[in-house]
Undergrad: 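Handing you a structure now.
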Amino acid sequence: MKKNLMIIFTLLLMSVLVAACGNGESDSVEGVTEASADTGETKKLRISLGLNDKTPLYKSSEKFKELVEEKTDSLNVEIYHSGQLADDRSAIEMLQFGTLDITIPSTAPFTSFVPEYGVFDLPFTLKNTDVVDKVLQGKIGDELAEKASEQGVKQLAWWENGFRQLTNSKKSIKKLDDLNGLKVRTMENDIHLGAWKAMGANPTPMAFTELFTAMQQKTVDGQENPYPTILLEKYPEVQKYVTETNHIYSPFIFLISQKTWDGLTEEQQEIVESAALEAGEHNRKLSRETAASALEELKGQMEYSKVSDAELEKFRGAVKPVIEKYKESIGQDFVEKYLNEVNNAE
Ligand code: TK8
């Protein structure tokens, strides 16, 4: 009994001390909101990114910072790249808790928060960037952003990760059978796992922050990402073969913590939202230019192959049951609506 009282007393003492020692310019939301609303201090907005500072994602985040800070000196944007603060999933959770302000993850890990974003994980659905732009900038894009706000985060814009391609250290991939038993890292997403299994590979879900080491240590044979990531994250150092499959188009989503958003003045909200949208345009343009130039560079550093259209039909055939299976968990009606939008956009 006496011992328990001592423990409770110590804990109480510690939390009083922590509260008393606050650093004036706090970086948890409550601190920031209270301090700046009253004192007009500069608010710090911290962005967590999974990719490094050579990538279009980082460059466009710098553009966002520039746009915000040129419009007001009441906001200061800090960018943390290469998963320094967190991987995609943990960063989303930190937004929900209010211990981080902004993150720009792929949609695949976000499906465990909002299943409808799983439409982007249905393989071979989006064929080119024209269709992508029409669908994302249309009703479907708005409806998804609406659903995100039910999870304590606000989606301000669509950014671009890109069309995903396969790399591996074992062999050149030209046909479906070449995938047999290949240990492929996937994002933490059941549909990706199901699709690679259905195509004969041996998939492993893994956070992006662990991927390079896993390839280096040959825990996995391969992975799939857009060309800019393959080149700028230095995958040719640990992968020999690159195969053009365009099997999935991955959007990035610009997410801000609802707590952070609520702590901003209306003027600051307008500045942040328009900067996220404008930097999103910058990001799409830069990602597409980089995808084209990265492919040319990679052809000089890796053994490149492209799966023929005829062979891709077999890939599509193999994943069909997976698409049917996951329509339910995503939401049958929403998938139908999405596929209609895609067809109309083609
Ligand atoms: C970076 C990830 C990455 C994604 C993946 O945080 O995990 O392979 O393509 O871009 O979002």
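Every number for a ligand or one of its atoms is a count from 1 in the order of the listing.
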Undergrad: Going by the atom numbers of ligand 1, which of them fall below 4.0 Å from some non-hydrogen atom of G50?
TA: 1 (C), 6 (O)

Undergrad: Do me a favour and list the nearest non-hydrogen protein atom to atom 7 (O) of ligand 1 with residue, atom name and distance?
TA: R185 NH2, 2.9 Å

Undergrad: Is the number of heavy atoms from other residues, nucleotides or ligands within 6.0 Å of CD (E328) greater than 12?
TA: no

Undergrad: At a 4.0 Å threshold, what atoms of ligand 1 neighbour a non-hydrogen atom of L51?
TA: 1 (C), 10 (O)

Undergrad: Output the list of atoms in ligand 1 that are nearer than 4.0 Å to some heavy atom of S106, sorted by atom number.
TA: 2 (C), 3 (C), 4 (C), 9 (O), 10 (O), 11 (O)

Undergrad: Among protein heavy atoms, which lies nearest atom 2 (C) of ligand 1, and at what distance?
TA: D88 OD2, 3.4 Å

Undergrad: After noting the C-alpha distance and the side-chain angles of N340 and E336, does the key distance pass the side-chain hydrogen bond (donor to acceptor under 3.5 Å, both in side chains) rule?
TA: CA-CA 6 Å; N340 284 339; E336 296 313 327; 5.9 Å; no

Undergrad: Look at ligand 1 and say whether Q223 reaches it with a heavy atom at a distance under 4.0 Å.
TA: no

Undergrad: Any idea which protein heavy atom is nearest atom 10 (O) of ligand 1, and the distance to it?
TA: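 Residue, atom and distance for the closest contact: N161 ND2, 3.3 Å.
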
Undergrad: Answer yes or no: does atom CD of Q137 have more than 12 heavy-atom neighbours from other residues, nucleotides or ligands under 6.0 Å?
TA: yes

Undergrad: Hey, what do you get for OG1 (T125) to CZ (F120), rounding to the nearest 0.5 Å?
TA: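 Going from the OG1 atom of T125 to the CZ atom of F120 covers 10.0 Å.
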
Undergrad: Side-chain donor-acceptor pair under 3.5 Å between T72 and Q268, yes or no?
TA: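 The criterion, which ignores hydrogens and geometry beyond distance, is not satisfied for Q268 and T72.
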
Undergrad: Please state whether the rings of Y235 and F208 are parallel, tilted or perpendicular, taking 30° and 60° as the class boundaries.
TA: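 Ring orientation of Y235 relative to F208: tilted.
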
Undergrad: Considering only heavy atoms of F252, which atoms of ligand 1 have at least one such atom less than 4.0 Å away?
TA: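 By the 4.0 Å cutoff, the relevant atoms are 10 (O), 11 (O).
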
Undergrad: Among all protein heavy atoms in this structure, tell me which lies nearest to atom 9 (O) of ligand 1, with the distance rounded to 0.1 Å.
TA: N225 OD1, 2.6 Å

Undergrad: Among L51, I79, I104, find the residue that satisfies the side-chain contact (heavy atoms from CB on, under 4.5 Å) test when tested with Y58.
TA: I79

Undergrad: Report the part of L49 (side chain from C-beta onward, or backbone N, CA, C, O) that has a heavy atom under 4.0 Å from ligand 1; answer both or neither where that applies.
TA: neither

